[in-house]
Amino acid sequence: MTGNPATASTPAASPRAADPTTTSATATSATATSATATSATAVRSAGIRAGGTQAGSGTADAVLTYVRYVRSEITRVWRNTRLLIFTLLLPIILFGAFTAGSAGDRLGDLAVAPYIMISMASFGAMNAVLGSAGRIATERSIGWNRQLRLTALTGPQYVLAKATTGFTLAVLPIVAVFGAGDAMRGIRLSAGTYLGAGASILLGLVPLAAFAIWLGYLVRPENMQAITGGVFSLLALAGGIWVPVENFPGWLADVVKLLPMYWSAQAGRAVLAGGWIGGRGLATLAVWTVVLGAAAGRAYLRDQLRT
(Lines give C-alpha, C1' and ligand atoms only; values in the text may rest on other atoms or scores of the structure.)
Protein backbone atom coordinates (compact mmCIF):
# COMPACT_ATOMS: atom_id res chain seq x y z
CA MET A 1 0.00 0.00 0.00
CA THR A 2 1.42 3.34 -1.05
CA GLY A 3 1.88 6.02 1.64
CA ASN A 4 0.86 9.64 1.52
CA PRO A 5 3.30 11.52 -0.74
CA ALA A 6 3.08 14.63 1.43
CA THR A 7 3.98 12.67 4.50
CA ALA A 8 6.86 10.84 2.77
CA SER A 9 8.47 14.08 1.56
CA THR A 10 8.47 15.73 5.04
CA PRO A 11 12.14 16.20 6.28
CA ALA A 12 13.12 14.04 9.21
CA ALA A 13 15.19 16.84 10.81
CA SER A 14 13.79 18.62 13.88
CA PRO A 15 12.33 22.08 13.31
CA ARG A 16 14.43 23.24 16.35
CA ALA A 17 17.68 22.62 14.43
CA ALA A 18 16.58 24.86 11.64
CA ASP A 19 15.55 27.76 13.97
CA PRO A 20 17.88 30.66 13.06
CA THR A 21 17.40 32.30 16.49
CA THR A 22 18.52 29.19 18.31
CA THR A 23 21.48 28.73 15.96
CA SER A 24 22.62 32.31 16.56
CA ALA A 25 22.32 31.95 20.36
CA THR A 26 24.37 28.77 20.29
CA ALA A 27 27.12 30.45 18.27
CA THR A 28 27.14 33.43 20.58
CA SER A 29 27.41 31.17 23.61
CA ALA A 30 30.33 29.31 22.05
CA THR A 31 32.07 32.60 21.25
CA ALA A 32 31.58 33.86 24.83
CA THR A 33 32.95 30.62 26.23
CA SER A 34 36.00 30.91 23.99
CA ALA A 35 36.51 34.54 25.00
CA THR A 36 36.23 33.64 28.68
CA ALA A 37 38.82 30.92 28.30
CA THR A 38 41.13 33.29 26.46
CA SER A 39 40.69 35.96 29.14
CA ALA A 40 41.40 33.46 31.89
CA THR A 41 44.57 32.39 30.11
CA ALA A 42 45.62 36.03 29.70
CA VAL A 43 44.97 36.76 33.37
CA ARG A 44 47.01 33.76 34.45
CA SER A 45 49.82 34.79 32.11
CA ALA A 46 49.68 38.38 33.38
CA GLY A 47 49.72 37.11 36.92
CA ILE A 48 52.96 35.31 36.22
CA ARG A 49 54.52 38.39 34.64
CA ALA A 50 53.19 41.10 36.94
CA GLY A 51 52.67 39.52 40.29
CA GLY A 52 54.86 36.46 40.09
CA THR A 53 52.28 34.51 42.07
CA GLN A 54 52.62 31.21 40.28
CA ALA A 55 54.34 28.50 42.29
CA GLY A 56 58.06 28.27 41.68
CA SER A 57 58.35 31.58 39.82
CA GLY A 58 57.15 34.23 42.32
CA THR A 59 60.43 34.75 44.19
CA ALA A 60 62.55 34.67 41.06
CA ASP A 61 60.29 37.18 39.28
CA ALA A 62 60.28 39.51 42.30
CA VAL A 63 64.07 39.46 42.62
CA LEU A 64 64.57 39.97 38.90
CA THR A 65 62.15 42.91 38.86
CA TYR A 66 63.89 44.51 41.84
CA VAL A 67 67.37 44.09 40.31
CA ARG A 68 66.25 45.58 37.01
CA TYR A 69 64.65 48.54 38.73
CA VAL A 70 67.73 49.24 40.87
CA ARG A 71 69.92 49.05 37.78
CA SER A 72 67.72 51.53 35.94
CA GLU A 73 67.72 53.87 38.96
CA ILE A 74 71.52 53.81 39.24
CA THR A 75 71.84 54.49 35.51
CA ARG A 76 69.44 57.42 35.80
CA VAL A 77 71.36 58.88 38.75
CA TRP A 78 74.63 58.66 36.85
CA ARG A 79 73.12 60.89 34.16
CA ASN A 80 72.39 63.64 36.71
CA THR A 81 75.47 65.83 36.27
CA ARG A 82 74.54 68.31 39.00
CA LEU A 83 74.10 65.55 41.54
CA LEU A 84 77.48 64.07 40.68
CA ILE A 85 79.14 67.47 41.02
CA PHE A 86 77.79 68.00 44.53
CA THR A 87 78.35 64.39 45.53
CA LEU A 88 81.85 63.90 44.11
CA LEU A 89 83.61 67.17 43.32
CA LEU A 90 82.40 69.36 46.19
CA PRO A 91 83.73 67.10 48.99
CA ILE A 92 87.12 66.92 47.27
CA ILE A 93 87.29 70.71 46.88
CA LEU A 94 86.30 71.24 50.52
CA PHE A 95 88.85 68.67 51.65
CA GLY A 96 91.62 70.50 49.83
CA ALA A 97 90.52 73.88 51.24
CA PHE A 98 90.09 72.75 54.87
CA THR A 99 93.40 70.89 55.03
CA ALA A 100 95.58 73.59 53.47
CA GLY A 101 98.45 74.52 55.78
CA SER A 102 97.40 72.02 58.47
CA ALA A 103 100.51 69.82 58.48
CA GLY A 104 101.32 68.66 62.00
CA ASP A 105 98.05 69.91 63.54
CA ARG A 106 95.79 67.47 65.35
CA LEU A 107 92.10 67.17 66.20
CA GLY A 108 91.47 64.71 68.97
CA ASP A 109 93.26 61.45 68.23
CA LEU A 110 93.86 62.22 64.55
CA ALA A 111 95.89 64.62 62.48
CA VAL A 112 93.84 67.29 60.76
CA ALA A 113 94.10 65.83 57.25
CA PRO A 114 92.74 62.34 58.11
CA TYR A 115 90.07 63.92 60.34
CA ILE A 116 88.84 66.19 57.54
CA MET A 117 89.13 63.34 55.03
CA ILE A 118 86.59 61.31 57.02
CA SER A 119 84.39 64.40 57.45
CA MET A 120 84.27 65.13 53.72
CA ALA A 121 83.74 61.47 52.82
CA SER A 122 80.80 61.43 55.26
CA PHE A 123 79.47 64.67 53.77
CA GLY A 124 79.49 63.33 50.22
CA ALA A 125 77.95 60.03 51.29
CA MET A 126 75.27 61.89 53.27
CA ASN A 127 74.34 63.92 50.17
CA ALA A 128 74.04 60.74 48.13
CA VAL A 129 71.81 58.95 50.66
CA LEU A 130 69.58 61.95 51.35
CA GLY A 131 69.20 62.57 47.60
CA SER A 132 66.59 59.79 47.50
CA ALA A 133 64.18 62.18 49.26
CA GLY A 134 64.04 64.45 46.23
CA ARG A 135 63.60 61.55 43.82
CA ILE A 136 60.68 60.12 45.81
CA ALA A 137 58.99 63.52 46.09
CA THR A 138 59.37 64.22 42.36
CA GLU A 139 57.97 60.83 41.33
CA ARG A 140 55.02 61.30 43.67
CA SER A 141 54.23 64.68 42.10
CA ILE A 142 54.10 63.31 38.55
CA GLY A 143 52.31 60.08 39.49
CA TRP A 144 55.19 57.81 38.48
CA ASN A 145 54.92 55.80 41.70
CA ARG A 146 51.29 55.01 40.82
CA GLN A 147 52.37 53.77 37.40
CA LEU A 148 54.96 51.51 39.01
CA ARG A 149 52.21 49.87 41.05
CA LEU A 150 50.90 48.39 37.79
CA THR A 151 54.16 46.46 37.38
CA ALA A 152 55.59 43.57 39.37
CA LEU A 153 57.47 46.03 41.60
CA THR A 154 55.93 46.11 45.07
CA GLY A 155 55.77 49.16 47.32
CA PRO A 156 58.43 47.91 49.78
CA GLN A 157 60.69 47.06 46.84
CA TYR A 158 60.27 50.60 45.52
CA VAL A 159 61.32 52.11 48.85
CA LEU A 160 64.19 49.66 49.31
CA ALA A 161 65.41 50.37 45.78
CA LYS A 162 65.61 54.09 46.56
CA ALA A 163 67.71 53.37 49.65
CA THR A 164 69.89 50.91 47.75
CA THR A 165 70.51 53.46 45.01
CA GLY A 166 71.48 56.06 47.60
CA PHE A 167 73.96 53.76 49.31
CA THR A 168 75.41 52.64 45.97
CA LEU A 169 75.99 56.26 45.03
CA ALA A 170 77.41 56.97 48.51
CA VAL A 171 80.35 54.65 47.83
CA LEU A 172 81.61 57.02 45.12
CA PRO A 173 82.42 60.09 47.27
CA ILE A 174 83.99 57.88 49.93
CA VAL A 175 86.37 56.36 47.40
CA ALA A 176 86.97 59.74 45.72
CA VAL A 177 87.82 61.56 48.96
CA PHE A 178 90.03 58.71 50.16
CA GLY A 179 91.87 58.93 46.85
CA ALA A 180 92.17 62.71 47.19
CA GLY A 181 93.60 62.25 50.69
CA ASP A 182 96.37 60.10 49.26
CA ALA A 183 97.01 62.31 46.23
CA MET A 184 96.73 65.75 47.86
CA ARG A 185 97.91 65.21 51.46
CA GLY A 186 99.83 61.94 51.36
CA ILE A 187 97.42 60.02 53.62
CA ARG A 188 98.27 56.35 53.19
CA LEU A 189 96.37 53.71 55.11
CA SER A 190 96.10 49.95 54.86
CA ALA A 191 93.41 48.42 52.66
CA GLY A 192 91.68 47.04 55.75
CA THR A 193 91.57 50.49 57.37
CA TYR A 194 90.11 52.06 54.24
CA LEU A 195 87.47 49.34 53.98
CA GLY A 196 86.63 49.53 57.67
CA ALA A 197 86.32 53.32 57.64
CA GLY A 198 84.15 53.32 54.52
CA ALA A 199 81.87 50.56 55.83
CA SER A 200 81.55 52.37 59.18
CA ILE A 201 80.49 55.59 57.45
CA LEU A 202 77.82 53.72 55.48
CA LEU A 203 76.61 51.94 58.61
CA GLY A 204 76.21 55.28 60.34
CA LEU A 205 74.06 56.55 57.47
CA VAL A 206 71.35 53.87 57.85
CA PRO A 207 69.16 56.14 60.06
CA LEU A 208 69.55 58.95 57.51
CA ALA A 209 68.34 56.64 54.74
CA ALA A 210 65.11 56.15 56.71
CA PHE A 211 64.97 59.89 57.29
CA ALA A 212 65.30 60.53 53.53
CA ILE A 213 62.37 58.22 52.76
CA TRP A 214 60.24 59.93 55.39
CA LEU A 215 61.19 63.35 53.98
CA GLY A 216 60.37 62.25 50.44
CA TYR A 217 56.81 61.34 51.43
CA LEU A 218 56.37 64.39 53.63
CA VAL A 219 57.63 67.35 51.58
CA ARG A 220 56.33 68.67 48.28
CA PRO A 221 58.86 68.80 45.42
CA GLU A 222 58.65 72.59 45.09
CA ASN A 223 59.75 72.93 48.73
CA MET A 224 62.27 70.11 48.74
CA GLN A 225 65.34 72.08 47.62
CA ALA A 226 64.95 74.78 50.28
CA ILE A 227 64.24 72.29 53.06
CA THR A 228 66.98 69.83 52.16
CA GLY A 229 69.51 72.64 51.86
CA GLY A 230 68.86 73.66 55.45
CA VAL A 231 68.69 70.05 56.62
CA PHE A 232 72.02 69.20 54.96
CA SER A 233 73.71 72.15 56.63
CA LEU A 234 72.35 71.26 60.07
CA LEU A 235 73.28 67.61 59.71
CA ALA A 236 76.77 68.51 58.54
CA LEU A 237 77.17 70.82 61.51
CA ALA A 238 75.90 68.13 63.89
CA GLY A 239 78.34 65.65 62.42
CA GLY A 240 81.32 67.88 63.10
CA ILE A 241 81.93 68.34 59.40
CA TRP A 242 82.04 72.13 59.21
CA VAL A 243 83.32 72.66 62.76
CA PRO A 244 84.98 69.85 64.76
CA VAL A 245 82.82 68.79 67.67
CA GLU A 246 85.88 69.14 69.87
CA ASN A 247 85.56 72.91 69.45
CA PHE A 248 81.89 72.99 70.53
CA PRO A 249 80.80 74.18 73.99
CA GLY A 250 80.33 71.27 76.36
CA TRP A 251 76.54 71.41 76.40
CA LEU A 252 76.31 71.58 72.59
CA ALA A 253 78.73 68.69 72.18
CA ASP A 254 76.52 66.61 74.48
CA VAL A 255 73.44 67.42 72.37
CA VAL A 256 75.23 66.63 69.11
CA LYS A 257 76.29 63.23 70.41
CA LEU A 258 72.63 62.29 70.70
CA LEU A 259 72.17 62.68 66.92
CA PRO A 260 72.92 60.01 64.28
CA MET A 261 75.01 62.17 61.95
CA TYR A 262 77.70 62.65 64.58
CA TRP A 263 78.14 58.90 64.93
CA SER A 264 78.25 58.39 61.17
CA ALA A 265 81.37 60.54 60.86
CA GLN A 266 82.72 59.40 64.24
CA ALA A 267 82.45 55.75 63.16
CA GLY A 268 84.95 56.36 60.36
CA ARG A 269 87.27 58.39 62.58
CA ALA A 270 87.22 55.69 65.24
CA VAL A 271 88.49 53.13 62.71
CA LEU A 272 91.39 55.41 61.76
CA ALA A 273 92.21 55.77 65.47
CA GLY A 274 92.31 51.98 65.82
CA GLY A 275 88.96 51.52 67.58
CA TRP A 276 85.22 51.63 66.95
CA ILE A 277 82.31 53.85 67.95
CA GLY A 278 81.46 51.74 70.99
CA GLY A 279 78.20 50.61 72.50
CA ARG A 280 76.83 54.11 72.97
CA GLY A 281 77.29 55.02 69.33
CA LEU A 282 75.84 51.74 68.11
CA ALA A 283 72.83 52.09 70.42
CA THR A 284 72.23 55.68 69.25
CA LEU A 285 72.25 54.59 65.60
CA ALA A 286 69.92 51.67 66.34
CA VAL A 287 67.39 53.82 68.20
CA TRP A 288 67.33 56.47 65.48
CA THR A 289 66.97 53.78 62.80
CA VAL A 290 63.89 52.38 64.54
CA VAL A 291 62.34 55.81 65.17
CA LEU A 292 62.95 57.20 61.68
CA GLY A 293 62.09 53.86 60.05
CA ALA A 294 58.70 53.88 61.80
CA ALA A 295 58.08 57.45 60.67
CA ALA A 296 59.02 56.54 57.09
CA GLY A 297 56.71 53.51 57.19
CA ARG A 298 53.74 55.57 58.38
CA ALA A 299 54.37 58.22 55.73
CA TYR A 300 54.56 55.52 53.04
CA LEU A 301 51.30 53.89 54.12
CA ARG A 302 49.55 57.26 54.33
CA ASP A 303 50.64 58.04 50.77
CA GLN A 304 49.45 54.62 49.56
CA LEU A 305 45.99 55.19 51.04
CA ARG A 306 45.79 58.70 49.62
CA THR A 307 46.67 57.69 46.07
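Note: hydrogens, waters and symmetry copies are ignored here, and every other heavy atom, side chains too, is used.
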Would you say [X] and [Y] make side-chain contact, with heavy atoms under 4.5 Å?
X: Arg135; Y: Val77; answer: yes
X: Asn127; Y: Phe232; answer: yes
X: Leu94; Y: Ile241; answer: no
X: Tyr158; Y: Ile136; answer: yes
X: Thr164; Y: Tyr66; answer: yes
X: Arg298; Y: Trp214; answer: no
X: Asn80; Y: Leu84; answer: no
X: Thr165; Y: Leu169; answer: no

task = Give me the ring orientation class for Phe178 and Tyr194: parallel if the planes are under 30° apart, tilted from 30 to 60°, perpendicular past 60°.
result = tilted

message = Once you measure the plane-to-plane angle for Trp242 and Phe98, does it fall in the parallel (<30°), tilted (30-60°) or perpendicular (>60°) bin?
response =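 Geometry flag for Phe98 against Trp242: perpendicular rings.
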
Same cluster or not: [X] versus [Y], using hydrophobic residues (I, L, V, M, F, W, Y) connected whenever any side-chain heavy atoms lie under 4.5 Å apart?
X: Ile74; Y: Leu88; value: yes
X: Leu205; Y: Trp276; value: yes
X: Tyr262; Y: Leu252; value: yes
X: Val175; Y: Leu195; value: no
X: Met261; Y: Leu215; value: yes

[atom1]-[atom2] distance between [X] and [Y], expressed to the nearest 0.5 angstrom:
X: Leu208; Y: Leu292; atom1: CG; atom2: CG; value: 7.5 Å
X: Leu64; Y: Thr59; atom1: CG; atom2: OG1; value: 12.5 Å
X: Arg140; Y: Leu218; atom1: CZ; atom2: CG; value: 8.5 Å
X: Met126; Y: Met120; atom1: CE; atom2: CE; value: 9.5 Å
X: Trp144; Y: Thr138; atom1: CH2; atom2: OG1; value: 14.0 Å
X: Thr75; Y: Glu73; atom1: OG1; atom2: CD; value: 9.5 Å

Heavy-atom closest pair, residues [X] and [Y]:
X: Ile174; Y: Ala170; result: CG1-O, 3.4 Å
X: Ala197; Y: Val271; result: N-CG1, 3.6 Å
X: Ser200; Y: Gly196; result: OG-O, 2.7 Å
X: Pro221; Y: Ala137; result: CG-O, 3.2 Å
X: Gly155; Y: Tyr300; result: CA-OH, 2.8 Å
X: Val219; Y: Ile227; result: CG1-CD1, 3.5 Å

request  = Using the side chain to side chain contact (heavy atoms under 4.5 Å, CB included) rule, pick out the option among Ile201, Leu285, Ile118 that qualifies with Ser264.
outcome  = Ile201

message = Testing Asp182, Thr99, Leu110, Leu189 one by one against Met117 for a side chain to side chain contact (heavy atoms under 4.5 Å, CB included), which residue passes?
response =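 By the side chain to side chain contact (heavy atoms under 4.5 Å, CB included) criterion, Met117 pairs with just one of Asp182, Thr99, Leu110, Leu189: Leu189.
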
key: Trace of the side chain to side chain contact (heavy atoms under 4.5 Å, CB included) decision for Leu130 with Leu235   = CA-CA 11 Å; Leu130 291 180; Leu235 289 175; 3.6 Å; yes

inquiry  = Other residues, nucleotides and ligands only: do more than 12 of their heavy atoms fall within 6.0 Å of CZ on Phe248?
reply    =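 More than 12 heavy atoms, drawn from other residues, nucleotides or ligands, come within 6.0 Å of this atom.
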
inquiry  = Test your reading of the model: is there a side-chain donor-acceptor pair from Arg302 to the backbone of Tyr217, 3.5 Å cut-off?
reply    =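 Such a contact is absent between Arg302 side chain and Tyr217 backbone.
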
task = Could you give me the CA-CA distance, side-chain angles and deciding distance for Tyr69 and Thr65, then say whether side chain to side chain contact (heavy atoms under 4.5 Å, CB included) is met?
result = CA-CA 6 Å; Tyr69 180 67; Thr65 300; 5.5 Å; no

key: Steps toward side chain to side chain contact (heavy atoms under 4.5 Å, CB included) verdict (Ile85, Leu90)   = CA-CA 6 Å; Ile85 289 174; Leu90 184 59; 5.8 Å; no

Stepwise side chain to side chain contact (heavy atoms under 4.5 Å, CB included) check, Tyr115 with Leu272 = CA-CA 9 Å; Tyr115 187 102; Leu272 264 63; over 6 Å; no

request  = Ignoring hydrogens and angles, state whether a donor on the side chain of Ser119 or Arg269 is under 3.5 Å from an acceptor on the partner side chain.
outcome  = yes

ask   = Are Glu139 and Arg76 close enough for a salt bridge, meaning some N to O gap below 4.0 Å?
value = yes

